[in-house]
Amino acid sequence: MDKNVIPAIAAVILFCADIIYGLILRKKVLTKAGKCLLLVQKKRSYTAAAILVTCAVLIVLLFLIDLGFVNELIIAGCISAGGYVGVKSLVLRKRDGLYENAVINNERFLLFDDIKTVINKTSEASDSDATASANSENSKHFSVITKKNETMELVFDTEKAFCEIYKSMKSLFQE
């Protein structure tokens, strides 16, 4: 076997592993999140599909063009990383929203059990300020502090999604 075929075969195996990971991630996320309470409609994005198609094209090129062993290993690593990002984006992006046990926002999955508090930096006075906050220039996002004291920003495309999810989460995590 030619040693330059090894990175191409490795890329195929890693890309398949990324796809299997996506199937497992989808099942795990849907099981842990529970019933969907509010699904946030996002603009259609073809980025994930473009990433996956690019990875597939790179795999074909690895079989067709001899770039040298080291370069092919580097490309195989990029294919694996791209496959991971593309699959995760494809699985989580269309599931953004509020669930019984979790929130999914911008391809991040956060269980309510891991959240310590919710903070809206632009209007911390009351829940009724959520609409006013969504109209400000720092609009449509709020922070979540996890039990590990990490701060995560949750960003929304629409004012409606921001207001509904912020109010729901604020009521769950009032101190």
Side-chain angles (χ1 to χ4, degrees), residues 10-59 75-122 127 130 133-134 138-175:
V12 170
I13 292 169
L14 292 172
F15 190 66
C16 290
D18 288 334
I19 292 171
I20 291 168
Y21 165 77
L23 296 172
I24 293 169
L25 177 69
R26 180 175 164 256
K27 184 175 180 179
K28 179 182 172 185
V29 163
L30 292 177
T31 302
K32 283 189 173 185
K35 181 182 170 194
C36 181
L37 303 176
L38 174 67
L39 190 63
V40 176
Q41 296 296 322
K42 291 215 167 234
K43 294 179 184 174
R44 183 166 289 192
S45 175
Y46 297 102
T47 307
I51 290 170
L52 295 174
V53 168
T54 302
C55 289
V57 169
L58 285 173
I59 288 172
I75 292 172
C78 292
I79 290 168
S80 177
Y84 170 79
V85 169
V87 165
K88 185 175 178 187
S89 176
L90 201 61
V91 168
L92 293 180
R93 180 155 176 85
K94 61 184 171 184
R95 289 175 176 77
D96 274 12
L98 187 65
Y99 293 80
E100 285 178 324
N101 305 317
V103 64
I104 300 175
N105 180 258
N106 293 327
E107 301 164 20
R108 288 182 291 183
F109 175 72
L110 189 59
L111 286 169
F112 290 152
D113 293 341
D114 297 335
I115 298 175
K116 186 160 112 180
T117 188
V118 175
I119 301 171
N120 185 358
K121 294 177 183 174
T122 55
D127 290 344
S133 171
N138 295 328
S139 67
K140 299 181 267 189
H141 76 278
F142 60 89
S143 299
V144 172
I145 299 176
T146 66
K147 291 183 179 174
K148 295 179 182 176
N149 287 326
E150 298 170 342
T151 302
M152 296 176 71
E153 291 289 321
L154 301 182
V155 182
F156 301 93
D157 292 341
T158 65
E159 179 181 328
K160 179 184 176 193
F162 164 78
C163 291
E164 289 183 26
I165 292 180
Y166 175 72
K167 287 177 183 177
S168 298
M169 290 188 68
K170 189 69 176 176
S171 67
L172 286 172
F173 299 102
Q174 287 179 349
E175 289 190 28

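Everything quoted here is computed from the prediction, not taken from an experiment. What you see below is based on every heavy atom in this structure, not just the backbone, and it leaves out hydrogens, waters and symmetry mates.
In this structure, the side-chain contact (heavy atoms from CB on, under 4.5 Å) partners of I59, at least two apart in sequence or on a different chain, are A11, V12, F15, F63, I79. Qualifying side-chain hydrogen bond (donor to acceptor under 3.5 Å, both in side chains) partners for T47, counting only residues two or more places apart in sequence or in other chains: S45. For Y99, the ring-ring contact (aromatic ring centres under 6.0 Å, His included) criterion is met by no residue, not counting sequence neighbours. Judged as a ring-ring contact (aromatic ring centres under 6.0 Å, His included), and not counting sequence neighbours, the contacts of Y84 are Y21. Under the side-chain hydrogen bond (donor to acceptor under 3.5 Å, both in side chains) criterion, E107 pairs with S89, sequence neighbours left out. Listed by chain and residue number, V103, D114, I115, V144, T146, M152 satisfy the side-chain contact (heavy atoms from CB on, under 4.5 Å) test with L110 (two or more places apart in sequence, or in another chain). In this structure N149 satisfies the side-chain hydrogen bond (donor to acceptor under 3.5 Å, both in side chains) test together with K116, sequence neighbours excluded.
Using a 4.5 Å heavy-atom threshold, the side chains of F162 and V40 count as separate.
The two residues N105 and E153 have their closest heavy-atom pair at OD1-O, 4.2 Å. Shown here for G83 and L52, the closest heavy-atom pair between the two residues is O-CD2, 3.9 Å.
Separation of atoms CD1 (I165) and CG (L154) is listed at 8.0 Å; rounding is to 0.5 Å. Within the model, atoms CZ of R95 and CG of L90 stand 8.5 Å from one another, a figure rounded to the nearest 0.5 Å. Considering NZ of K88 and CD1 of I51, their distance stands at 12.5 Å, rounded to 0.5 Å.
At distances below 3.5 Å, at least one donor-acceptor pair connects side-chain atoms of N106 with backbone N or O atoms of V155.
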| Audit row: M169, F112, side chain to side chain contact (heavy atoms under 4.5 Å, CB included) steps and yes/no | CA-CA 9 Å; M169 290 188 68; F112 290 152; 4.1 Å; yes
Would you mind writing out the side-chain donor-acceptor pairs for residues 23-39 within the sub-3.5 Å range, not counting sequence neighbours?
from	atom 1	to	atom 2	distance (Å)
T31	OG1	K27	O	2.7

